[in-house]
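Every chain is numbered from 1 and lettered A, B, ... according to where its sequence line falls, protein lines coming before strand lines. In this text the structure is predicted, and so the values were computed from the model without any measurement.
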Amino acid sequence: MPGPGGCGTITPERRPRANPVTDSSRYRPQVIEERWQQHWQSQGLARTPEPGPSAASHSVGTGEPYYALSMFPYPSGSLHMGHVRNYVITDVIARVQRLRGRAVLHPMGWDAFGLPAENAAIERGVDPGAWTDQNIGQMREQLKRLGLSIDWDREVATCHADYYRWTQWLFLQFLDAGLAYRSEATVNWDPIDQTVLANEQVDGAGRSWRSGSLVEKRKLRQWFLKITAYADQLLDDLPKLQGWPERVRTMQANWIGRSTGAELQFEVVDGDGAGTGQHIAVFTTRPDTIYGVSYVVLAPEHPLVEALTASEQQLSVQAFIDLVGRQSDQERTAEDSPKRGMPIGASARNPANGELVPLWIADYVLAEYGTGAVMGVPAHDQRDFVFARQYELPVRQVIIPEGSDEHAYEGGAWTAGGVLIHSGPFDGLTCAEARQQIIAAGEAGGWGQGRVQYRLRDWLISRQRYWGCPIPVIHCDSCGVVPVPEEQLPVELPQGVELAAKGGSPLAQLESWVAVACPCCGQSARRETDTMDTFICSSWYYLRYSDPHNTALPFSREAVDRWLPVDQYVGGIEHAILHLLYSRFFTKVLRDRGLLGFDEPFARLLTQGMVQGITYKNPHSGRYIAPADVADPSDPRDPISGEVLDTFYEKMSKSKYNGVDPAGVIDRYGADTARMFILFKAPPEKDLEWDDADVEGQYRFLQRLWRLVDSAQERGLRLAPSGASPSGNAEAPLTEGDQELRRAVHTAIAAISEDLDGDYQFNTAVSELMKLSNAMGSQLEAASEAVAVEALTVLLVLLAPFAPHLAEELWQRLGANPDDDNSVHRQRWPEADASALRRDTVTVVIQIKGKVRGQLEVPADADAATLEALALASEVAAKWLEGQPPRRVIVVPGKLVNLVP
RNA sequence: GGGGGCAUGGCGGAAGUGGUAGACGCAGCGCACUUAAAAUGCGCAGACGGCGACGUUGUGGGGGUUCAAGUCCCCCUGCCCCCA
């Protein structure tokens with residue numbers, strides 16, 4: 001591949017300048033990029049401006065704060081293309097905002113706790129902390145090669161004690177607020193990783209998101225955060241997030257899953273039909289269908305099941321419970337899976353009409369949701385309908401569509417609205433009316449009440465793992481759960497723990513660490529040995545960046561309110577639910593604690609698409625083939641069998657051999673090419689197909705820019721110190737060529753400014769840069785010096801956010817002095833000059849009945865009547881109207897004239 | 001099953017509030033430079049017809065609204081995502 005080698009042995013300075021085809025006119029990113037990265041670092045170009053008079057000396061960066069944030073990475077040790085895309089997007093945003101005069105915070109850090117470090121420790125006997133720090137070091141160096149304008153002075157790592165000290169401090173805030181509690185719970189137990197998982201970490205097939213093993217159910221005493229207490233706020237504030245993608249808001253709303261309905265009490269009856277005093281509470285969103293109940297179903301885990309099961313049913317019920325226990329929630333409730341259940345030999349009384357209905361247990365009812373019991377209304381719920389058909393339970397219709405007869409809908413459940421029948425005093429009411437009145441009747445009769453139910457569960461945060469943030473509490477036999485006093489924070493992770501042991505928390509095995517005096521009574525007590533879910537650590541890191549060196553608090557109120565909410569957050573769609581919901585929850589809790597003064601942490605969210613690599617697969621063997629082993633990409637064949645391969649793009653991964661290493665791309669083309677390619681190839685939120693040929697094309701574009709500036713330099717053009725606008729005047733009007741070039745320049749300013757405002761469209765912004773470059777390529781040579789210099793100045797400033805190294809190099813080559821800090825990155829974003837965009841004549845289209853038939857060059861200020869007259873007089877009109885006057889004429893000034901015969 | 005999104009040349013993708021479809025780039029073709037190639041520069045390029053100026057057709061398929069539809073409405077097909 002003819003990549004840029006950088007193999008010349010003669011330094012540019014020693015070459016004679018006369019020959020245009022010299023090494024000095026070759027773009028060699030390998031030489032310039034590292035130099036500028038070091039220079040910028042020494043100049044503090046990415047440093048976050050602090051408020052106050054000291055910063056006022058410089059014109060740039062003293063404006064309103066702007067916070068540009070990428071989702072911080074897990075430090076795996078190697079950067080992949082998904083990271084590159086994420087951080088380049090955020091970097092462009094940060095750089096544009098600086099050029100626009102904003103004071104920019106653009107930080108980076110590490111989501112550094114988690115299982116990979118612990119697994120590496122077990123497999124290789126290394127210290128998880130040392131392993132993680134080494135990875136951080138590697139990744140930081142890789143990131144720096146991208147030329148990101150990150151303020152590294154604000155770097156945080158969640159696994160460092162100076163960070164997790166405050167994670168613990170914040171946990172104690174939750175504890176103090178009554179939002180952290182311990183509870184015995186059925187938990188998802190991962191038998192491979194030997195830990196519990198949050199519901200969110202179990203996939204649709206009931207497998208661990210990390211180990212992939214089937215998750216088991218276990219009862220354990222666990223720590224929870226009471227996110228359900230904020231369910232309403234988290235849902236109701238979603239409409240505030242207009243800068244978020246609609247689908248992310250929808251996903252969060254679905255996840256919270258608020259449903260309004262009623263909790264109704266069914267009294268258990270004995271064999272003679274007499275009440276036993278025991279009640280089964282069911283939750284339903286359809287209290288209006290209560291007269292259609294034909295049975296009540298309990299979750300197999302429901303606490304009353306054992307007591308209520310008739311003795312002759314004991315064996316089969318127990319067998320059924322065991323069977324269900326092996327299924328995941330998803331399997332149990334999937335609509336297409338068979339519903340299974342059995343009667344337990346007891347009955348309950350319908351509180352509305354006094355009827356006795358049988359009690360069942362079934363797999364599709366979950367103990368965790370609602371009350372763990374539902375009323376079965378086969379006529380008006382599809383799952384109940386399927387269940388009833390299967391077990392020959394009665395189906396009674398109590399809702400009919402308005403105006404229809406009652407037998408019209410027997411084929412399946414009628415789940416839409418209608419009018420009540422067979423419902424005693426409620427007959428004739430609409431569903432909505434009946435819901436209210438039946439709830440009212442229930443409240444009056446003591447057998448029901450309105451209730452709001454959420455799909456959202458409390459957040460299980462306990463992990464039986466070493467490499468996480470220790471939960472800062474102490475268990476004392478006499479005082480109970482005692483928070484570790486603030487001044488004793490951080491509770492540091494101890495060294496030398498045996499990590500390979502299975503079956504519980506590694507910390508529990510280190511007696512010297514566990515045994516501690518109770519802070520309350522001084523008696524011997526024991527530390528909590530669970531660590532926190534790493535999602536806790538990532539739920540507040542964006543706050544810490546505002547004040548990363550604070551040793552008295554996680555952040556000061558002043559700093560956090562100055563920088564937040566984050567103006568633009570950028571990251572993967574995979575965090576649409578968990579991380580973003582948890583962060584919103586944290587923000588609201590901390591607001592209620594008075595620690596910060598805003599409701600939502602992220603004003604705008606950009607979810608960038610995946611980076612996909614070209615993937616070859618043998619359709620018969622199912623084997624993936626590395627692109628390097630495919631001899632002819634236009635006819636991809638298996639290198640061994642010669643079979644034709646399937647070709648497609650898929651997310652880059654090792655097992656598919658379709659990954660592209662960012663370091664290799666930077667080595668070959670430089671960071672600027674990689675940045676430009678990624679931004680240009682696809683809109684930011686869409687998946688991006690990595691294509692070496694397109695990368696090559698992007699490199700050629702940067703080379704063209706290099707040559708363009710090189711020849712301008714040969715001509716002796718230098719950047720003007722003042723930057724006065726060469727707009728011409730009456731005595732010395734601009735030539736037509738100058739006007740045309742200026743129009744191209746200011747069109748680019750307007751278009752790119754538009755593309756970078758709010759909704760970011762980097763792909764079209766880059767294409768506008770290309771257009772400007774094309775225009776300059778043909779017109780710069782003939783342009784006057786003033787206009788040419790303006791064009792060059794604008795081109796380089798517009799280029800600066802995208803290809804920062806090249807823009808800076810060319811800026812300096814055109815005469816700016818790097819030593820007096822005249823960086824292209826400290827310039828002002830240009831303003832489009834409306835007078836440059838003005839033109840004397842414009843082309844309008846002549847349509848005949850909506851079809852384009854010709855064009856007309858007209859004065860730009862021609863009014864509708866003039867345009868109509870010109871169009872009617874045109875040859876096009878003569879040809880198509882055949883002498884008849886048009887029935888109708890539509891004129892869109894500056895655009896078209898439509899003649900309708 | 002529910003909710004959301006998408007569908008435009010050989011390919012990636014452009015097209016404020018309906019107003020010249022295909023910007024920009026990749027791949028391709030032609031020309032110039034070169035002994036030649038690479039690189040570079042210039043040009044062509046939706047499809048069909050025509051030597052041509054042009055004409056017809058064209059944004060997944062079908063219908064509709066409109067002077068005018070990629071864009072708005074209805075139906076259908078396919079793909080993707082989320083929730084069940």
Once salt bridge (Lys or Arg N to Asp or Glu O under 4.0 Å) is applied, do any residues pair with [X], and if so which ones, sequence neighbours excluded?
X        : answer
A:Asp691 : none
A:Arg704 : none
A:Arg85  : none
A:Lys617 : none

Partners of [X] by side-chain contact (heavy atoms from CB on, under 4.5 Å), sequence neighbours excluded?
X        : answer
A:Lys240 : A:Asp237, A:Asp599
A:Glu868 : A:Leu872, A:Val889, A:Val891
A:Arg286 : A:Thr284, A:Asp288, A:Thr289, A:Ile399, A:Cys431, A:Arg435
A:Pro662 : A:Met81, A:Val84

Sugar-phosphate or base contact per nucleotide [nucleotides 24-30 of chain B; S, B, -; heavy atom under 4.0 Å]: BSSS---

A:Glu740 and A:Gln779: side chain donor to acceptor below 3.5 Å: yes

Paired stretches of RNA chain B - 3 or more consecutive Watson-Crick or G-U pairs, each distance under 3.5 Å: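 So the stems come out as B:1-7 with B:77-83, B:10-12 with B:24-26, B:28-32 with B:40-44, B:46-49 with B:54-57, B:60-64 with B:72-76.
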
Those residues that, when tested against A:Tyr760, pass ring pair (Phe, Tyr, Trp, His ring centres under 6.0 Å) (two or more places apart):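 So A:Tyr760 forms a ring pair (Phe, Tyr, Trp, His ring centres under 6.0 Å) with A:Phe762.
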
Dump the pairs, protein N or O against N or O of nucleotides 3-5 of chain B, anything under 3.5 Å, distances to one decimal.
none

